[in-house]
Novice: 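Take this structure first; my questions come after.
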Amino acid sequence: MTTLLQLEGVTRQFGGLKAVSGVDLSVAPGEVIGLIGPNGAGKTTLVNVITGVHRASSGIVRFDGEDVTGLKPFQAARRGIARTFQIVQPFPEMTVAENVAAAAMFAGAVRYGDEANAEALGHLRFVGLAEMADKRASSLTLAMRKRLELAKSLAMRPKLLLLDEVNAGLNATEVDHALSLIRGIAARGVTILIIEHLMKVVLSLCTRIVVLHHGELIASGTPQEIVQDPRVIQAYLGRRYAAGGEAAEGQSHG
Amino acid sequence: MAEPLLSIKGVHAGYGDVPVLWGVDLAIERGEIACLVGSNGAGKTTLMRTISGLVRATAGSIAFDGAELAAAEPDAVLAAGIAHVPEGRRLFSAMSIRDNLLMGAYLRRDGAAAVEADLKKMYAMFPILAQRQEQDAGTLSGGEQQMCAIARGLMGAPKMLLIDELSLGLAPAVVDQLCDALRALNREGLTLLVVEQDVATALEIAKHAFVMDTGRITRSGESAALANDPAIREAYLGSL
Amino acid sequence: MRKSALLAAVLFLLVALVPLAGDAYWLRLGTTMLMYGVIAMAWNFIGGLAGYPSFASAAFFGLGAYAGAVAQKLGVPMGLAWTLAGALSLAFAALLGLALLRLRGHYFAIASLVVAEVLRELVNSATDLTGGGMGLNLPVPHDATVASQSEFFFYAMLALAAITFAAMLWATHSKLGFGLRCIQQNESAADMLGVNTTLYKVAAFMLSGAFAGAAGAIYASWVHYIEPPDVFDVLYSVKAIVMVLLGGAGSVFGPLFGAAIFLSLEELVWRNYLQVHTGVLGLMIVLLVLFLPKGVFSLRLPWRKGKP
Amino acid sequence: SMAQGTIRIGAPLPITGPLSPEAKKLQNGMNLWVETANKAGGIKVGAKKMKVEIVYVDYQSNTPRAVQATEKLITQDKVDFLFSPFGSGAAKAASSVSEKYEMPTIAATASSEQVYDQGYKYLFGVYTPNQTLTEPLADLVKKQAGGVQRVAILARNDLFPLAIAQEMEKSAKKRGMNVLYFEKYAIGTLDHASALSQIKAVAPHWIFATGYINDLILIKKQMSDLGIEAPVVTMVAGPAYKEFVSALGKSAENVTSAAWWHPAVRYTSKDVFGSTENFNKMFHAKYGTEPDYGEASSAVSGVVLQLAIEAAGTLDKKAVRDALAKMNTMTFFGPIKFGPTGQVVSLDPPVFQVQKGRQVVILPAGIKQGDLQLGVK
Amino acid sequence: MLSLQILANGLVLGGLYACIAAGFSLVWGVLNVINILHGSFIVLGGYLAYYAYAQFGIHPFVSILIAAPLFFALGYILQRSLINRMIAAPVLLTLSLTFGLDLMLSNGMLVAFTADFKKLTLDPPLGVLNLGGIALPVDRLFAMVLALALTGLLYLLLSRSRIGRAIVAVRMDREAAALMGVNVKRIYAVTFGLGALMAGASGPLLAMIFPISPLSGPVYLGKAFVICVLGGLGSVPGAMIGGLALGVVESFGALWFGPEHAITLSFTLLILMLLFRPTGLLGRTGYA
Ligand SMILES: Nc1ncnc2c1ncn2[C@@H]1O[C@H](COP(=O)(O)OP(=O)(O)OP(=O)(O)O)[C@@H](O)[C@H]1O
Ligand SMILES: Nc1ncnc2c1ncn2[C@@H]1O[C@H](COP(=O)(O)OP(=O)(O)OP(=O)(O)O)[C@@H](O)[C@H]1O
Ligand SMILES: [Mg+2]
Ligand SMILES: [Mg+2]
C-alpha cells in the first residue's frame, strides 16, 4: 500500500464560510508531514474532519484503504487515527496513568486491568512522565500535559497521529525535548501529520510540508521548496523569510 | 530616573495552600516594553494574575502609578490602568468579535466616539477581525482568537498592558505584524509586559527582560545583555 | 473492591437482622430505607459515574410500579411481575437513553425531568389498563400473616438492594465504570480516545432504569395501592440526588449511607417538628450543602480537597 | 391503652401540604366530638365509661406516607381504632393496612365506590356513593328546568372528581339529556380557557364541573370572563365552602352543588349531640362559624364509632366491627346504615345553590330553604 | 372564530408565562443556578398583593411597584450571603441548596398564610373586552401587557445597558469578565436580584387571576422550566417567545387533544425541542 490517508476533494463549510475547500492530499505510511498555513486557514478544521468531529460537507476521506468519511470519533480512534488537541484535554480528576490506560483500553484494545496499566506505564516512561504516574492530571504543568497528550495518543496504538500545535506554549528547551519524542514516535513507524506555527519544528521534522490558505492547498513540497515559495512567504511566513529561506531559518522564531 | 510605573516587591501568592510565587521583585519603567521569560510552571501566569487581581497576593506590595494594588479586585486594577490579555485567550465565546472588543472598553468613561475610534484602530491592526466583526468569537481559529484577545485588552485604553503568551498559535507573519503594532503603541506611551515562550522574539522587542524560575525572578537586565549571556542561551534559546 | 464487597456483605447481614426486632414499624422504615437506597444507587450509575444529572428516577420508579402492578393484575405471579417490570424499565431506559443522552448538562436534566411528567399523564389517561386517576389496587394476600408479609417485602427490598449494590460495585471496578468516568470528566476527549460514549451512557442509564423500576414494582406490591401522582412524584428524582450528595458522590457506599441519613432526618424532623418539619428538613439540607458539600463523610476525609 | 382507661383512636391526616385545609376541617369535627363525648363522661364500654383520645399523625398530603402513618399508628402508637386519611385515594390506600391488622376504620371523606369494592371487612364510610349526589340533582333539573337538554362536563382527572363526573354523565343520559362535551383536565392546570371556549361553542344548558376549590374558582372566573352563561351550572365540591363564594362574589350566584350534608338538615338523634341543630350550635360556639359537610362528617365518624363500641360493649375489634356492620341508627348527620361494602346507604345528600351569597338548600323537599333558580352568568 | 378565541386565550396566557420564566431563565443562564425558589418567590409576591389589596386597598398594579424593589433586595441579599458561597460548585449542589431554601420558604409561608387558597378579587372587576366576538378579560389583558412590558424592560436592560452587557459577559466567562473590569460578585447578586424581582413582580399579576396558595410554587416552577428550554436558556427574548409559544400550544392542545393532554403535549413538545434544537428557539450555543 502506498497511501495511508487519502483525502479527495474534502470540503467543510460553516454557513457561508468554506473553512476547508476541495482538499486533495495523500499521505504515505511512515511519512512525517507538516501542515502549515495562516491563522484561520482551516488546519484544525481539516483535522476535525479526518477524525470525525466534523462531517465533511463534501469529499471523501480514505484511511488504510477504507472510506472513513462520516465515522464517529471513537470509531476513527479504534481504526488507528489518533489526535492531540490544540488545547490539551486530559481527564483532570484521574491520575496520569489512568489517563493513558484509558487510551490503551478503548482505542488500543488492551484488556482492562493490569495489562492496561502496564502498557500505560510503558508509554509514560517513554515520554518521561513515569514519576508522575500517580499524580492527578490536573496538577501537571503545561509542558507535562503536552507530553501526557503524546503518551495518550501513543497508547491508542495509532497508525496515523495528528498533532495540532503540540509545541505551542513550550519554550525552546522544552520544544527540543518534544521534538525528540516525536522523532521517537516516527521511528516506531507511526505516520504523523503535524500542524505547527513553529517553523523550526516543521522544518526539522517533516519530510514534506503542505500549505493551506483560505481552506485550499496552495503548496506542497520539501521544506526547502516551501520556504522559498513566494506564495507561502506572502501568505504565511512573512518578511523574515522574504530575503531567502536558508538564511532566515537560523533566526526563525516560533 | 523617575519612579517605575509598576513596582512589585516581595510578592507571594498561590492557589489554595500551594504557594507558587516566593517573593517576586520586579520594576517596570514608564513607557518601556518588558518581557518575562521562564520555563513552564515557573509562575509567569500566576504573577500576571496576581497583578491583575485574579489571584490574591498573600504578602508583598504591588505599586502602580502611585497606587497600592496588592489587595485590589480586578476591576480596580483595570480602573487604575492595567489591562491583562490572559493565557488561553478567554474570549466571550458566544459574543461577536465586535461585542468582545466593546467588553474590553467596559470601564471606559471617555465617550462612545473615543471607543469607536479605538475600535477602528484595532480593525486596522487586525483586518481579519474587521471582516468577521459579527462572527461568534468561539468559532474563530486559534490565531484569530489570539488577535481578538489582544485587541480586546487594548480596547480598555490602559496605561499598561500585560500579555500572556504573546505569539502563541500565531503565524510567523502575524507575529511580525503584531510586534510592529506593539512597538507603535509603545511609542505612543503604552507600557508593556509580555510573557513569551519564544525568548528570541521576546528579547528582540523588549528593552528589559526578567527571567523567572520556580516563583522567583532569578535574572533581570537589558535584553541585549541577556541575549548574549551563555547561560540564558543554553537554558532558553534551545539547540536549533 | 474486595474490601468494599466484604464490608457490604457484613452490612447487609446486619440489616437482615432488623426483623428480629419484630416491630412492624421498624420493618416498614427499614424497607423504605432500602428502597431509597436502591433509588439512590440506581441514580448513581448515570448521575455519579457518568456525571449526567438525571432526573429520571421518578419516571423509572413509576414505570416499574405500574408495570409490576398491571402485570400482577393480569395474573402474573409477583416475582415474575417484578422481573418484568425491571426488564421493561431497562428497555425503556435504553430507548430513552438513545434519544436523551445526546443532550448534555442542563438540557439533559430538564429532558429527564419531563419524562416522569409525560409518563404520569399517559398512565393517567390509560384508564382501562391503569385505572387512571382512580389509582390501582393490588391484591392483598389473605393467606399470609401480617408480620410475615412485612418481613417478606423487607427481604425482597433487601435482596434488591444487595443486587443493586453488587452491580454498582462491579460497574465501578470494570471497564464500563472506567469509561463512564472518562465521559464524566471530558466527554469529547473520551470519544477521541475510542470510548463508544453513546453505548456506555445508555448502558449506565439502563442499569439506572432497571433497578429503580424494580424498586417501584416491589413498592407497588408492598403498599397494595398506587396512583400516578405518588409513584411519578418528582421528589423521588430530587431525593435520589440529595441522598447521593449527602452520602458523598463517588463512593460506593455513598448512596446507601445517604439514603439512611436522609430517611433518618426526614423521620426525625417529621416526628419532632410537626408544623415546620419540611422547613427544618430544608434547613438541614442548606446547612449540609454549605458546610459539607462533599457529603457527610467528607468530615473524616480531610485529605480529599476539592479544586479551588 | 386499656390500662389507662382511655380509648385511643388514630387519625392520619394531611396536616401539612396541599391538603392541610382539609385536615383542619376534619380536626375541627373530630375534636368537637371528643370534647363532647368526654364531657358526657366518655364512651360506655360495657359497665364502665372510658375517656377517648385522638392520636393525630401528619402524612404531609402524600399518599404513601398516609399508608406508613396508618401502620405507625397501629403498630407503634397501639391505637384501638382508626379514622381513614382524607379523600378517596388515601383512604383506599390505607384501607389495606387496616384490613391487614383487622382494625375497624371509619372513613369520613371517602365516597367513591372503588374504595369500598375491594371486599374489605373493616372499612366503613359515612359518605353515600357518588351517584347519590348526581341522581337527585338530575331529577331536580329535569323536573324544574324542562328545557335542559345539552350537557357539558369538565372534570379534574383525579379519583373523586372524575368518579363523580362519570356518575353525572350516567345520570344525565338516563334522563335523555345529551352529553355534548366530556373532558378531563390534568391536575395542576392553570388555564381552562380552551376547554371553556369549546364548551361555549356547544351552547350547553347545563355545565357540570368538578375539582377542588381552587380549580372551581378558576373555572368559574374564566367562565364569567369568557361570557359563558347557562341555565344551570353545577360544581362539585367547591361551592359548599365559604371561600368559594367570597372569592367569586357575584359570579358565584346560582351555582348549584350537592354534598353529603348541609347545616340546614334537621335530624333528632340519640348521639352525644342530640340533634343537628344542637350540633350546629355547639360547633358555632367552639369555632365561630357554621359547620360544613366535611366538618360534620368527621364528627359523625366519631359518633358512629362511639355508638358501635357502646353496642358491642367491648373494645374487641371484631365485636366492634360486627356492631358497625349491623348498625342502623339515627345521628345528627342523618340515618346511618352501612351496606354490604361498608359504605353508608341510608342518607339523602342535600342539593343546594348559592343564592344571594348563601348556600341555600333546594332538595330534599323536607328541608329545603328555597327553589332552584335558573340562569348563571 | 373558535380558533381565534383560542389563539387569543393562548397569547394572553403566554404573556403571563413569559413573565414567570424570564427571571428564572436569566438566573439559570447566567449563574448556572437552577433556582428552585423561583416558584415560591412568585407566590410570595402574590401574597403581598393579596394582603395589600385586602388590608389597604392597594391595587395589584401598584403592588408590583412595591414588590419589585423588595424582591430585588431579597434576591440580592440572598445571593450575596448564601448562594455566592457555592457559585463555582456543580449545578447539582446549588440545586440542592435552593431546594432546601425553598422547603424553608414554602413551609414558612404555609405557617404564615395556611394552605387555604386565597383569591384576590378586584371590586369592581375590570370586566371583559369584546373584540368582535372574541372575549378578552381585561384583567388578564392588562396582566399580559404588563408582563410583556416587564419582560421587555428586562430585555432592554440586558441588551442596552452596561450592566446588561456585563451580565452577559459574566455568563460566558466569569474570569475574563473580571479582567474587563466587571465586579463579578455584584453582577451575580444583581442578576439573582433581577430574577427575584421578576418573580416578585409577576406574583401580583398572577394573584389577580389564579387563586394563591403556598403550595402553588411548583406549578409555576414547572412552567418556568418548560419555557426556559423552549426559548433558550438565559435568553430573555427566548423566555418571551417560549412563554407565548407554550400558551398557544397549551390552548390549541386542549382544543385538539382535550384539556387533559394539554400539559402532556407541551412536555412532548419540549422533549422534541430538546432533541432537535437543544439550544431552544432563540438560544445560542456555548451557554450550557
Ligand atoms: N464552528 C464554526 N463556525 C463558524 N466558523 C468556524 C467554525 N469553526 C471554524 N470556523 C472558521 O473556519 C476557519 C478555519 O478555522 P480553523 O480552526 O480550522 O483554522 P486553523 O487553520 O486551525 O487556524 P489556527 O492556526 O489559527 O489555529 C476560521 O476562519 C474559523 O473562524
Ligand atoms: N488554578 C491552579 N490551581 C493550582 N495550581 C495551579 C493553578 N494554576 C497554576 N498552578 C500551578 O502553579 C504553578 C505555576 O503556574 P503558572 O501557570 O503560573 O506557570 P507559567 O510560568 O505561566 O507556566 P507556562 O509557561 O506553562 O504558562 C504550576 O506549578 C502550576 O501547576
Ligand atoms: Mg487551529
Ligand atoms: Mg503561563
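Chain identifiers are assigned alphabetically (A, B, ...) following the order of the sequence lines, protein sequences preceding nucleic acid strands; residue numbering begins at 1 within each chain. All values derive from a computational prediction rather than experimental measurement.
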Novice: Please rank B/Ser39, B/Gly88, B/Gly38 by heavy-atom pairs under 4.5 Å with chain A and give me the top one.
Specialist: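 The answer is B/Ser39.
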
Novice: Pick one: which of A/Arg136, A/Glu149, A/Lys152 meets side chain to side chain donor-acceptor pair (under 3.5 Å) with A/Asn99?
Specialist: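 The passing option is A/Lys152.
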
Novice: Checking the side chain of B/Gln133 only, and the main-chain atoms of B/Tyr123 only, is there a donor and an acceptor separated by less than 3.5 Å?
Specialist: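 Not at all, since once roles are kept as given, no pair shorter than 3.5 Å links the two residues.
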
Novice: For chain B, which candidate among A/Leu17, A/Leu170, A/Val175, A/Thr45 shows the most heavy-atom pairs at distances under 4.5 Å?
Specialist: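 With the most close heavy-atom pairs to chain B, the winner is A/Leu170.
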
Novice: Output yes when a side-chain donor or acceptor of B/Asp136 lies under 3.5 Å from a complementary backbone atom of B/Gly138, and no otherwise.
Specialist: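 No, because the side chain of B/Asp136 does not come within donor-acceptor range (under 3.5 Å) of the backbone of B/Gly138.
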
Novice: Quick check: are there more than 12 heavy atoms from other residues, nucleotides or ligands sitting under 6.0 Å from CZ of B/Arg183?
Specialist: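 Check passes, neighbour count above 12.
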
Novice: Taking B/Asp180, B/Thr139, B/Val18, B/Leu140 one by one, which has the highest count of heavy-atom pairs under 4.5 Å against chain A?
Specialist: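 Most heavy-atom pairs under 4.5 Å with chain A: B/Asp180.
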
